[in-house]
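So the structure is just underneath, and the comments pick up after that.
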Amino acid sequence: MISIIIPVFNAERDLRRMLDSILAQTCTDFECILIDDGSRDKSLEICREYEKHDSRFFCFSQENGGVSKARNRGLGLARGDYIAFLDSDDRIPENYLAELLCACEKADIAVCDTVMIEDGKEKLRFTHENALLTQTQALNFLLCRKKINSGPCSKLFRKGAIHGLQFPPLKAYEDILFVLDSFCRAEKIAVTNKTEYHYIQNSTGAMSSMLKNPSTDIIVATEQILRFIGSRKDLSPECCYTTASHLYQYALPLLKKQNYIESDFIRMSRKLLFQYERMLVSCPAFPFKEKAVFILFANGYVLKDGKRLCRIRKEKKNV
């Protein structure tokens with residue numbers, strides 16, 4: 001049996017779409033664990049409605065504690081041999097569970113395509129031809145953000161392979177840290193392009209909000225990832241480049257928006273990149289110009305308009 005875990009928070013607009021797509025699955029041996037995380041709309045009512053009409057649905061409610069807490073509670077309640085994580089505002093095709101289960105027969109984790117959809121159109125796709133990957137191969141794809149999406153959705157986990165794992169109590173990047181830990185426990189990771197997960201993006205979603213006002217949890221997670229990369233000599237140098245670049249993509253727009261004043265996020269980002277400066281300098285995946293930009297940033301400077309060197313100013317604190 002597959003245990004499907006879905007955290008739910010103020011999702012009344014899109015929740016039925018996801019739950020109906022679960023009811024349409026060709027694989028019917030599942031339980032669906034719905035964790036309402038303190039919703040203030042009609043989400044809980046909808047969850048209870050599906051629980052009432054289908055014995056495979058189970059609804060639980062808790063005070064708002066975030067997606068990690070909700071998923072961890074779901075893990076504690078799961079009775080299946082396999083675990084699937086879904087998000088309440090996305091959707092899956094009818095062969096989703098069946099194809100992932102088939103792919104997972106010879107592996108600890110199965111991964112399918114992830115399709116990013118915006119305004120009803122496909123914007124981006126993470127895909128890989130059908131294959132059985134080694135742990136190193138899968139980690140390289142994950143950390144380079146290529147072919148395998150970083151989130152727990154679009155994946156099926158053998159329950160035994162992730163026994164005891166928990167999502168960290170972070171507001172951002174908690175998903176990639178969980179997937180990273182799970183891949184490290186797996187000998188083989190199967191990938192299939194016979195089905196896909198539809199990730200629905202919108203301008204008011206968590207990702208859009210995070211780009212405008214990034215959480216310092218991103219820096220906490222990035223430090224853990226860089227430390228992990230430094231401990232694994234079997235990984236591609238591109239893993240280091242991609243991880244540092246993702247942090248910088250949050251920092252630079254924020255820095256410009258604040259007129260080159262150093263906020264807490266900028267200060268912590270610079271401190272982290274300075275801490276790993278030696279790794280960045282020696283990383284062959286960094287183009288020379290980008291390497292120089294990163295080192296300048298770590299030491300308190302930025303190229304204004306791509307030309308003029310500008311010192312990052314200290315933020316004035318009100319006394």
Side-chain angles (χ1 to χ4, degrees), residues 1-8 22 27 29-35 37 58 60 62 65-88 90 92 96-114 126 128 131-143 145 147-170 172-192 195 197 199 217 221 224-225 227-229 231-232 235:
M1 181 174 71
I2 298 173
S3 293
I4 303 169
I5 299 171
I6 307 180
V8 178
I22 293 171
C27 172
D29 187 18
F30 65 80
E31 63 173 0
C32 183
I33 301 171
L34 301 165
I35 308 295
D37 190 37
F58 301 90
F60 302 89
Q62 64 183 32
V67 66
S68 288
K69 186 176 181 180
R71 285 173 175 160
N72 288 339
R73 186 176 182 190
L75 282 170
L77 294 166
R79 298 174 298 165
D81 300 312
Y82 298 88
I83 305 291
F85 297 98
L86 305 178
D87 284 343
S88 58
D90 297 331
I92 53 175
Y96 180 81
L97 293 179
E99 291 296 345
L100 280 174
L101 188 60
C102 180
C104 211
E105 287 181 355
K106 297 180 180 180
D108 296 307
I109 301 170
V111 183
C112 70
D113 285 10
T114 302
F126 292 85
H128 191 292
L132 199 58
L133 304 179
T134 65
Q135 183 186 112
T136 299
Q137 289 173 321
L139 285 170
N140 277 329
F141 287 134
L142 175 72
L143 294 173
R145 311 295 179 102
K147 300 188 176 183
I148 293 180
N149 183 40
S150 60
C153 302
S154 72
K155 299 169 182 66
L156 186 67
F157 304 84
R158 283 189 185 271
K159 188 177 182 181
I162 60 171
H163 177 72
L165 279 187
Q166 296 274 285
F167 286 85
L170 302 177
Y173 276 34
E174 79 292 334
D175 47 6
I176 189 172
L177 291 180
F178 179 88
V179 176
L180 180 62
D181 285 343
S182 69
F183 277 19
C184 287
R185 291 189 174 197
E187 291 187 12
K188 296 292 182 180
I189 293 95
V191 288
T192 177
T195 191
Y197 183 89
Y199 181 89
D217 284 351
Q224 293 182 43
I225 296 171
R227 185 172 1 114
F228 172 78
I229 292 170
S231 72
R232 292 283 297 250
L235 297 180

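- Between V179 and I148, every side-chain heavy-atom pair lies at or beyond the 4.5 Å cut-off.
- Nearest heavy-atom pair, S154 versus D113, reported as atom, atom and distance to 0.1 Å: CB-O, 4.0 Å.
- Taken from OG1 in T192 to CG in L132, the straight-line distance is 11.5 Å, to the nearest 0.5 Å.
- With hydrogens and angles disregarded, no donor-acceptor distance shorter than 3.5 Å links the side chain of K69 to the backbone of Q62.
- Here the side chain of R79 pairs no donor or acceptor atom with the backbone of M1 at under 3.5 angstrom.
- For the atom pair CG (L101) and CG (D29), the distance works out to 8.5 Å, reported to the nearest 0.5 Å.
- Across all their heavy atoms, C32 and F30 have their closest contact at N-CD1, 4.2 Å.
- Contact annotation: the side chain of L180 never approaches that of Q224 to less than 4.5 Å [non-hydrogen atoms, C-beta and beyond].
- Residues F167 and F85 place their aromatic rings such that the two centres sit under 6.0 Å apart.
- Side chain of S3 to main chain of G80: a donor-acceptor pair is present (N/O by atom type, distance under 3.5 Å, no hydrogens or angles).
- Inter-residue side-chain proximity for T134 and L139 is flagged as unmet; no heavy-atom pair is nearer than 4.5 Å.
- Every residue meeting the side-chain hydrogen bond (donor to acceptor under 3.5 Å, both in side chains) condition with D90, not counting sequence neighbours, appears here in chain and number order: Y197.
- Two residues are said to be in side-chain contact when any heavy atoms from C-beta on lie closer than 4.5 Å; L86 and Y96 meet this criterion.
- Across all their heavy atoms, L156 and A84 have their closest contact at CD1-CB, 3.9 Å.
- Here the CD1 atom belonging to I176 is positioned 5.5 Å from the CG atom belonging to L143, to the nearest 0.5 angstrom.
- Remark: side-chain polar atoms of E174 are not paired, donor with acceptor, to backbone N or O of P168 under 3.5 angstrom.
- Ion pairing between a basic and an acidic side chain is recognised when a charged N comes within 4.0 Å of a carboxylate O; D87 and R71 show such pairing.
- Shortest non-hydrogen contact noted between S182 and I109 is O-CD1, 3.6 Å.
- Between A190 and A103, the shortest heavy-atom contact is CB-O, 3.1 Å.
- Side-chain contact between I4 and L97: present, with at least one pair of heavy atoms (C-beta onward) separated by less than 4.5 Å.
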Might you work through the side-chain contact (heavy atoms from CB on, under 4.5 Å) test for Q137 and H128, ending with a clear yes or no?
-> CA-CA 12 Å; Q137 289 173 321; H128 191 292; over 6 Å; no
Run the numbers on Y82 and R158 for side-chain contact (heavy atoms from CB on, under 4.5 Å), then give the verdict.
-> CA-CA 5 Å; Y82 298 88; R158 283 189 185 271; 3.2 Å; yes
Can you check side-chain contact (heavy atoms from CB on, under 4.5 Å) on V111 and F141, steps first, answer last?
-> CA-CA 12 Å; V111 183; F141 287 134; over 6 Å; no
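- D37 and G66 get closest at one heavy-atom pair: OD2-N, 2.9 Å.
- Separation of atoms CG (L235) and CG (L142) is listed at 10.0 Å; rounding is to 0.5 Å.
- The OG1 atom of T136 lies 5.0 Å from the CZ atom of R232; values are rounded to the nearest 0.5 Å.
- To the nearest 0.5 Å, the span separating CD1 on I92 from CD on E99 amounts to 12.5 Å.
- D217 places no side-chain N or O within donor-acceptor distance of the main-chain N or O of Y173, the cut-off being under 3.5 Å.
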Dump the intermediate steps for side-chain contact (heavy atoms from CB on, under 4.5 Å) on L75 and F178, then the final yes or no.
-> CA-CA 12 Å; L75 282 170; F178 179 88; 4.2 Å; yes
